[in-house]
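These notes concern the structure reproduced below.
Letters A, B, ... mirror the listed sequences (proteins, then strands); counts begin at 1.
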Amino acid sequence: MEAVLKNLASTAELLAVATQSGAVEQWDKQTLTRAFQWARYCEHVFNRFHNNPATRRIMEKQLQLTNQSLRAAFPGYTEISFSDLSRCQHLLLVGLLNNPDLPSSILKILFDSPVNTKKSEYQDVTGFCSHIIQCKSACKVLSPLTGVSAIGADAEVQGVMLMERLGALLSQSGKASQTEHFLDSVLQGCEGEAEHFCQVIAAALLTTKTSAAQTAAQDFLLDWLQNKHSELQHLCSALHTTLLTDLAKKHLKFRDAYCGVLKKWTSDMEYSINDGEWVQTSTNQTVSFKRLTEHFLALFEACPAQREDVEKELNALKISDGDFDVRGLSVWGDLLSALNK
Amino acid sequence: MSQLQPVIQLQSMAEPLLNIQEMQFWLDKAVAWGQADSPDTQGDTCLHLNRLRDLLQQLLTNMNNTSSTIETMKTLPFLGQFLGRLCWNPYVTADATSRRLLFQCLWGLYSEHPGNAVERKANQWIRKVLCQLATEDDDAAAQAVMKHMGVPPKEYYLKLLRKRVALLQENIGKSCNSLGDINQRCSCDSILATSEACVPLVTCPEAAPLIGVLLQQPAKCARASLSEDFLDALSSAYSSQCSSLEEQTVISLWYHNLSSLEEAVLSQLEDVVTNKGSTPQRLEEQLAQSLLPKACAQHCSIYLVVKDIFRSILKQAEGVEPVKHLIQTFTSCFLRELALLQHQTSVSLKALFPESPQSLLLPLLTLPSEMPQEAWRRHLNWLSGSLQRLTEEEEGGDRDSSGSTKRHHKVFEAWFLLVQCGHWVQVAVQLLVTSEPEDCGPLLWLLTFYHHPTNQWHHRELQLVHAREAWDHLHSFFLISAHPLPVDCLQSLVSLLSSTQPQQPSPSPLLILNLLVNFAVFSQHSLSASTQILQAVVDQSGLVDEAACVLSSLQPRLNEGSRSSDDCNRVHLRITALQNTLIHSV
């Protein structure tokens with residue numbers, strides 16, 4: 001363990017040098033290769049220990065110490081956290097490319113396009129950037145051809161990755177709080193991209209590979225989502241109806257939560273005499289009465305068994321409102337008649 | 001005015017490689033590609049990739065001839081703008097060659113020792129562009145997710161690319177739903193567009209499965225055609241060994257693209273003509289690796305094209321022995337592959353050999369190993385008789401010129417089939433070793449026809465007489481153990497072998513050499529005496545290499561015949577011993 005900690009500290013120093021020091025001027029291909037080897041080593045360390053809270057804590061402590069001394073040496077130093085280790089090669093690359101002292105010979109190696117792109121050169125740094133650019137560009141070239149689907153290919157890939165991370169976290173740590181914390185931080189990170197994050201969650205819940213770990217991860221994600229009321233409501237209003245019904249068909253928990261959101265939206269409605277229409281009272285949700293009806297109908301179509309229960313419930317609510325058959329008096333009564341039109 | 005400036009400055013350049021209008025054309029193209037994101041502009045980029053590569057190469061050459069960045073910027077002021085625009089065009093950066101050339105051009109603008117502010121600025125710009133290309137992302141959502149889930153971008157893009165490829169693969173695999181109605185939209189519409197988009201991706205290993213599906217999809221409807229540019233790009237990537245295509249994809253490429261098939265066949269021919277020392281085993285391995293026999297067995301049309309190429313090569317050079325060997329080996333590889341597929345395909349022999357004389361087809365295509373050894377002689381006599389009749393019929397009426405080309409054609413096709421099934425000629429030579437003088441006639445005729453298919457000046461009769469003469473000599477050497485060697489007989493054999501007068505129709509030296517080597521190997525004569533004769537004749541006629549070649553061609557056939565293992569061993573030992581003698585006599 002001692003040796004691993006020492007290596008972690010050295011790699012953090014290496015990253016700092018790569019990013020901020022003029023020493024990179026002396027680098028050659030061998031130095032570059034070794035630097036990437038160390039970065040890869042740290043990625044392995046991350047993959048090996050990120051699910052192990054005890055070890056992780058020790059490593060985090062070591063990184064804190066190293067960060068402290070590096071902060072003193074390099075003004076404007078960006079600290080490195082344990083979770084940064086998972087993309088250590090990327091951080092090294094970003095650091096190097098932004099370092100004005102990096103010799104052009106190193107840049108040329110990174111951006112070279114080896115004529116023979118055989119798999120054996122996996123460990124070679126030659127063409128490292130070129131390969132990334134090729135993949136990125138190829139994705140863009142193919143993207144207009146994939147056509148429109150409810151979930152984009154990107155969200156689907158990210159959904160699978162989310163499941164993998166969740167699965168790994170749940171299988172080892174046992175502590176739910178850590179996994180919750182992970183999801184919270186992802187959610188927070190995607191603040192500006194909430195719509196996209198909804199798609200990622202939907203994709204994660206719709207992944208079909210059924211292993212015990214996967215089921216546990218999906219279950220965990222559903223529980224987490226149920227406790228995030230605003231997030232759940234946002235998801236229900238942002239996603240396409242077919243996607244929502246797919247989720248309802250696949251997960252009983254989601255069906256109930258979805259139904260709950262729909263009922264909440266209904267109860268939040270007020271009759272506007274001016275428009276002659278039920279409208280939302282809460283400020284941030286903009287679901288119309290018509291759209292709400294569509295949600296219910298789509299859900300009934302996907303899960304016919306649900307219809308009877310929900311209608312019974314709506315009827316009870318209508319009765320508690322006085323059981324009038326006049327439009328504009330009870331939202332439940334009007335919803336019921338809209339559903340049975 | 002400012003638009004005209006580059007034009008004027010270009011005119012002052014001494015380099016005629018870059019034409020002004022052309023440069024303006026490309027600059028406009030780069031601007032147009034960057035502005036609109038419609039399928040049309042995307043397709044346009046793909047269609048221009050080939051020419052763009054040439055242009056970048058020219059620019060590179062041009063820059064290498066100038067001494068500094070500042071000078072380059074003076075002569076090509078638009079260059080930075082042009083390259084910058086290309087950097088952000090994914091069609092350009094996805095293509096391996098364009099990307100390499102583009103980066104090289106950027107390096108051409110980079111100054112190792114910047115001498116002024118302009119050069120320093122150019123350096124900064126290049127570094128910034130490269131850094132952005134490799135690490136930044138216009139997809140903010142993806143970037144946020146990656147960052148917070150701790151996923152390295154390289155891994156993410158690889159996964160995303162594989163996902164997109166898989167989705168498209170699935171889409172292409174869907175069945176056509178237009179039901180022949182040309183006005184109805186159908187999934188086949190996407191095939192052309194997808195194949196066009198794959199032009200820059202032909203060397204990308206991750207795209208290989210999609211390329212495979214595109215090539216292998218059965219022709220479903222009229223709109224399911226592939227872009228020619230795609231096929232050309234793929235073909236040139238394959239021939240420069242830059243692609244990572246699977247076997248089946250390569251075969252489909254040949255099926256769709258005639259020129260790549262032609263290239264593959266010609267490269268085999270070229271190889272066999274230049275590497276004369278190659279052994280028959282190596283040739284067989286090489287052909288199997290080329291996938292051509294397999295492709296021919298799968299697609300009748302490919303086989304017909306390959307045979308057409310062989311046919312035209314043979315017409316130009318009927319006597320080139322390595323080519324004949326190639327064709328023969330190729331045919332046996334092909335037949336083997338065909339037998340493996342027999343339960344899957346139901347192509348008739350007639351469809352595969354439409355031009356060959358049908359009566360000879362099955363008898364010649366039958367392998368000697370498929371028949372008891374005792375039946376060989378009768379089979380060969382029948383073959384010889386049939387061929388003789390065919391040539392007499394066709395050549396007999398030569399005097400009236402009408403239809404003579406057609407008749408020549410028939411004789412040629414019969415001979416071509418014999419070349420493809422050369423194993424029977426080999427058996428004939430071997431049987432001649434143990435023949436009696438009264439029954440070697442048909443076999444000698446077959447051998448003479450094989451070496452002299454065109455009956456020019458009606459000389460086959462005379463050639464036959466000489467072949468007979470050679471056989472008589474050999475027969476007396478090897479069967480009547482005469483010691484010491486009859487020098488005069490030996491001498492006349494040597495003179496038959498080395499005769500080069502075209503007016504004197506003598507049998508091909510190879511015919512006689514073939515006989516000689518077979519006698520040396522298969523006769524019951526003692527090894528030392530056989531070696532002595534072979535060495536004496538070969539030394540004097542100077543045909544050492546040719547003899548070695550014939551010897552090594554006998555080796556692989558030992559394993560396929562129905563020979564007893566004792567006999568096989570004996571022959572094998574004799575071949576090795578004779579080979580050693582020849583090596584030492586070089």
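Ranked by heavy-atom pairs under 4.5 Å with chain A, the first of B/A134, B/A94, B/A144, B/A141 is B/A141. Note: B/E136 leads B/E155, B/Q104, B/E136 in heavy-atom pairs under 4.5 Å with chain A. The choice from A/S185, A/S83, A/S130, A/C88 that makes the most heavy-atom pairs within less than 4.5 Å of chain B is A/S130. Across B/L167, B/L130, B/V92, the residue that shares the most heavy-atom pairs under 4.5 angstrom with chain A is B/L130. Of the listed residues (A/K140, A/Q158, A/H131), the one with the most heavy-atom contacts under 4.5 Å to chain B is A/Q158. The candidate with the highest count of non-hydrogen atom pairs below 4.5 Å against chain B, out of A/E195, A/K108, A/H50, is A/K108. Chosen from B/A193, B/P153, B/A197, the residue pairing most often with chain A at heavy-atom distances under 4.5 Å is B/P153. Interface remark: of the candidates A/L107, A/D84, A/V94, A/L107 forms the most heavy-atom pairs closer than 4.5 Å to chain B. Highest contact tally toward chain A, considering only B/L161, B/D95, B/N89, is held by B/L161 [criterion: heavy-atom pairs under 4.5 Å]. Looking only at heavy-atom pairs under 4.5 Å with chain A, the residue among B/W107, B/Y156, B/Y110, B/F103 that has the most is B/W107. Heavy-atom pairs under 4.5 Å with chain B were tallied for A/E43, A/M161, A/E164; the largest tally goes to A/M161.
For A/L102, the parts lying under 4.5 angstrom from a heavy atom of chain B are both the backbone and the side chain. Only the backbone of A/N99 comes within contact range of chain B, with at least one heavy atom under 4.5 Å from a heavy atom of that chain. For chain A, no part of B/I126 is nearby; none of its heavy atoms comes within less than 4.5 Å. A/L162 touches chain B through backbone and side chain together, each having a heavy atom under 4.5 Å away. Only the side chain of A/F182 comes within less than 4.5 Å of a heavy atom in chain B; its backbone stays farther off. Neither the backbone nor the side chain of A/Q188 comes within less than 4.5 Å of any heavy atom of chain B.
The closest side-chain donor-acceptor pair between B/R120 and B/N123, if any, does not fall under 3.5 angstrom. Looking only at atom types and distance, the side chain of A/E156 has no donor-acceptor partner in the side chain of A/T207 under 3.5 Å away. Side-chain N/O atoms of A/K29 and A/T126 include a donor and acceptor closer than 3.5 Å. No donor-acceptor contact under 3.5 angstrom links the side chains of A/S81 and A/E60, judged on distance only.
A/L205 CG to A/L243 CG: the interatomic distance, rounded to the nearest 0.5 Å, is 10.0 Å. If you take SG on B/C46 and CG on B/L201, they are separated by 8.0 Å, rounding to the nearest 0.5 Å.
A salt bridge links A/D184 with A/K228: the closest approach of a Lys/Arg side-chain nitrogen to an acidic carboxylate oxygen falls below 4.0 angstrom. For the pair A/D154 and B/K163, the salt-bridge criterion is not met [side-chain N within less than 4.0 Å of a carboxylate O].
Here the closest non-hydrogen pair linking A/G189 and B/H148 is CA-NE2, 3.1 Å.
Both cation-pi conditions hold for B/K154 and A/F128: the charged atom is under 6.0 angstrom from the six-membered ring centre and inside a 45 degree cone around its axis.
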**Message:** For a salt bridge (Lys or Arg N to Asp or Glu O under 4.0 Å) check, start with the C-alpha distance between B/R164 and B/E170, then their side-chain angles and the critical distance, and finish with the verdict.
**Reply:** CA-CA 10 Å; B/R164 286 208 191 287; B/E170 210 175 293; over 6 Å; no
